[in-house]
Visitor: 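Below: one structure in structure tokens.
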Amino acid sequence: MTSPIIVRTVAEMREHVRAWKAAGQRVAVVPTMGALHEGHLSLVRLAQQHAQRVITTVFVNPKQFAPHEDFDAYPRGEAADAEKLALVGCDLLFAPNATEMYAPGFSTLVSVSGVSEPLEGAARPQFFGGVATVVAKLFIQSQADVAVFGEKDYQQLQVVRRMARDLDIPVEIIGAPTARAEDGLALSSRNAYLSAEERAAAVALPTAMKAAAAAVAQGGAIEDAERSAVAALQAAGFGQVDYVEVREASDLTRLGPGPIGEASGRILVAAWLGKTRLIDNMAVG
């Protein structure tokens, strides 16, 4: 088991990337906010199938948190992250501080309209501007040939794809299937916030989502399936449901009233269980 090289500056990272590329090796990047779990490690493994060298970035990005959100409480643990990355053979861990990423006077924001506006964009208006800005920087900083993102954050994946396409950033973006626990709950760093009772109740989210997706795929009315999913979540103990919506998979435009016909659908969900906000999504059909 070899520990990843740990670097904290763009200059250090680029020095390694230059050497790898001079040797004819493809480079992949896996952007994360740390608190790594099996879902993240599955992204690294997938990246290794598409490149000879893999960089995992760990940076809790302040620009994607609103003042009332959990930036300070977001789980951190670089030593544990490095140990997990060593187990899967990641080559380099890029762990910059906020000043390295956002120099004094930093004033640029990458805004992706359209695909960023509904769902998470409506619930957290600052979020995707922060995501697009930091991911654009990481792509440019790492000069990676490939980037891997999980489909669990499906809207984020679509925003990143649109951003890279529109800005002509030469990186191949690969979406990885959502990693799930045995009971179906999507793996997430925020699952650590759940109490034992909440964790047991959380399985209602993928269960309700799967039932709604099946109903729509079988020709049911979209709004009926969405309402049934909301009711199931609330019956299981969820509080506020930010959204349960069936959207077109590529651009996240609204689908309805149903049946969806030949459209490629995606059901996306965000709901609160106690003080924890859980998100998930699933293909329809």
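From a predicted model like this one, the values you see are computed outputs, not experimental measurements.
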Visitor: Decide yes or no on side chain to side chain contact (heavy atoms under 4.5 Å, CB included) for Glu100 and Phe59, but give the supporting numbers first.
Guide: CA-CA 11 Å; Glu100 180 69 12; Phe59 178 64; over 6 Å; no
Visitor: Measure the spacing between CG of Leu187 and CZ of Arg180 and express it to the nearest 0.5 Å.
Guide: 9.0 Å
Visitor: With side chains defined as the heavy atoms from C-beta onward, is the minimum distance between Lys137 and Tyr102 less than 4.5 Å?
Guide: yes
Visitor: Considering all heavy atoms of both residues, which atom of Gly24 and which atom of Gln52 are nearest to each other, and what is their separation?
Guide: O-OE1, 4.3 Å
Visitor: Is there a path of hydrophobic side-chain contacts, each under 4.5 Å between heavy atoms of I/L/V/M/F/W/Y residues, joining Val112 to Ile173?
Guide: yes
Visitor: Looking only at non-hydrogen atoms, find the nearest pair between Ala271 and Phe238 and report the distance.
Guide: CB-CD2, 3.6 Å
Visitor: Quick one: pull up OG in Ser116 and CG in Leu252 and give me the separation to the nearest 0.5 Å.
Guide: 10.0 Å
Visitor: Looking only at non-hydrogen atoms, find the nearest pair between Cys90 and Val54 and report the distance.
Guide: SG-O, 3.4 Å
Visitor: Within a strict 4.5 Å, meaning less than it, do heavy atoms of the Ser189 and His40 side chains meet?
Guide: yes
Visitor: Looking at every non-hydrogen atom in both residues, tell me the closest pair between Asp280 and Pro206 and how far apart they are.
Guide: OD2-CB, 4.3 Å
Visitor: Between Glu226 (side chain only) and Val246 (backbone N and O only), is there a donor and an acceptor less than 3.5 Å apart?
Guide: yes
Visitor: Could you tell me if Lys275 sits above the aromatic ring of Tyr193, with its cationic atom closer than 6.0 Å to the ring centre and no more than 45 degrees from the axis?
Guide: no
Visitor: Between Asp145 and Lys21, is there a side-chain N and carboxylate O pair less than 4.0 Å apart?
Guide: yes
Visitor: Is the backbone N or O of Gly130 less than 3.5 Å from a side-chain atom of Thr133, with the two atoms forming a donor-acceptor pair by type?
Guide: no
Visitor: Should Leu205 and Leu278 be marked as a side chain to side chain contact (heavy atoms under 4.5 Å, CB included) after you check the CA-CA gap, both sets of side-chain angles, and the distance that decides it?
Guide: CA-CA 8 Å; Leu205 194 153; Leu278 300 177; 3.8 Å; yes
Visitor: For a 4.5 angstrom cut-off between non-hydrogen side-chain atoms, does Met101 reach Thr57?
Guide: no
Visitor: I'd like to know if Glu12 pairs up with Arg8 as an ion pair, taking the criterion as any Lys NZ or Arg NE/NH1/NH2 lying under 4.0 Å from an Asp or Glu carboxylate oxygen.
Guide: no
Visitor: To the closest 0.5 Å, what do you measure between CD (Gln48) and CZ (Arg26)?
Guide: 14.0 Å
Visitor: For the pair Ser264 (side chain) and Ala249 (backbone), establish whether a donor and an acceptor sit closer than 3.5 Å, ignoring hydrogens and angles.
Guide: no
Visitor: Can a donor-acceptor pair be found, under 3.5 Å and without considering hydrogens, that links the side chain of Asn281 to the backbone of Glu151?
Guide: yes
Visitor: Once you round to the nearest 0.5 Å, how far does CG of Asp91 lie from CD1 of Ile55?
Guide: 8.5 Å
Visitor: Looking just at side-chain N and O atoms, do Gln25 and Arg53 make a donor-acceptor pair shorter than 3.5 Å?
Guide: yes
Visitor: Relative to each other, are the rings of Trp20 and His16 parallel, tilted or perpendicular (30° and 60° limits)?
Guide: tilted
Visitor: With no hydrogens and no angle check, just 3.5 Å: does a side-chain donor-acceptor pair link Tyr243 and Glu120?
Guide: yes
Visitor: Does Asp153 use its side chain to pair, donor to acceptor, with the backbone of Gln156 at less than 3.5 Å?
Guide: no
Visitor: Less than 4.0 angstrom from a charged side-chain N to a carboxylate O is my criterion; do Glu248 and Arg254 meet it?
Guide: no
Visitor: Do the side chains of Leu157 and Ile169 join up, straight or via other hydrophobic residues, at under 4.5 Å, putting them in one cluster?
Guide: yes
Visitor: Are there over 12 heavy-atom neighbours, none belonging to Glu69, within less than 6.0 Å of that residue's CD?
Guide: yes
Visitor: Please say whether more than 12 non-hydrogen atoms of neighbouring residues, nucleotides or ligands are located less than 6.0 Å from CD in Glu38.
Guide: yes
Visitor: A side-chain contact here means heavy atoms from C-beta on lying under 4.5 Å apart; do Leu93 and Ile5 qualify?
Guide: no
Visitor: With a 4.0 Å cut-off, would you call Asp224 and Arg227 a salt bridge?
Guide: yes
Visitor: Walk me through it: do Asp183 and Arg199 pass the test side chain to side chain contact (heavy atoms under 4.5 Å, CB included)?
Guide: CA-CA 10 Å; Asp183 63 1; Arg199 175 61 186 84; 2.9 Å; yes
Visitor: Can Phe127 be reached from Val160 by stepping across I, L, V, M, F, W or Y side chains whose heavy atoms are under 4.5 Å apart?
Guide: yes
Visitor: Using a 4.5 Å cut-off on heavy atoms from C-beta on, say whether the side chain of Arg190 contacts that of Arg277.
Guide: no
Visitor: Transitively linked via ILVMFWY side-chain contacts under 4.5 Å: Leu255 with Val115?
Guide: no
Visitor: Check whether any side-chain heavy atom of Gln143 sits under 4.5 Å from a side-chain heavy atom of Val27, and report yes or no.
Guide: no
Visitor: Is a donor on one side and an acceptor on the other found under 3.5 Å between the side chain of Glu117 and the backbone of Gly114?
Guide: yes
Visitor: Check this for me, if you would: do Arg124 and Asp242 make a salt bridge, where the nitrogen-to-carboxylate-oxygen distance has to be below 4.0 angstrom?
Guide: no
Visitor: Is the closest basic N to carboxylate O distance between Arg161 and Glu172 below 4.0 Å?
Guide: no
Visitor: Flag this pair as yes if the NZ/CZ of Arg76 is under 6.0 angstrom from the six-membered ring centre of Phe71 and inside a 45 degree cone about the axis; otherwise no.
Guide: yes
Visitor: Please report the shortest heavy-atom distance between Leu85 and Pro4, naming the atom on each side.
Guide: CB-CG, 4.0 Å
Visitor: For the residue pair Asn61 and Gln64, what are the closest heavy atoms and their distance?
Guide: ND2-OE1, 2.8 Å
Visitor: For the residue pair Asp81 and Glu83, establish whether any side-chain heavy-atom pair is separated by less than 4.5 Å.
Guide: no
Visitor: Decide side chain to side chain contact (heavy atoms under 4.5 Å, CB included) for Val131 and Val110; before the verdict, give the C-alpha distance in whole Å, the side-chain angles of both, and the deciding distance to 0.1 Å.
Guide: CA-CA 9 Å; Val131 168; Val110 178; over 6 Å; no
Visitor: Which distance, rounded to the nearest 0.5 Å, do you find between the CE of Met13 and the CZ of Phe94?
Guide: 4.0 Å
Visitor: In the structure I gave you, are the side-chain heavy atoms of Val29 and Val146 within less than 4.5 Å of one another anywhere?
Guide: no
Visitor: Taking Lys84 for its side chain and Leu36 for its backbone only, find out whether a donor-acceptor pair lies under 3.5 Å.
Guide: yes
Visitor: What's the spacing between Leu46 CG and Leu41 CG if we round to 0.5 Å?
Guide: 12.5 Å
Visitor: May I ask whether Phe149 and Tyr154 are part of the same hydrophobic cluster, defined by side-chain heavy atoms of I, L, V, M, F, W, Y residues being less than 4.5 angstrom apart, directly or through others?
Guide: yes
Visitor: Are there over 12 heavy-atom neighbours, none belonging to Lys210, within less than 6.0 Å of that residue's NZ?
Guide: no
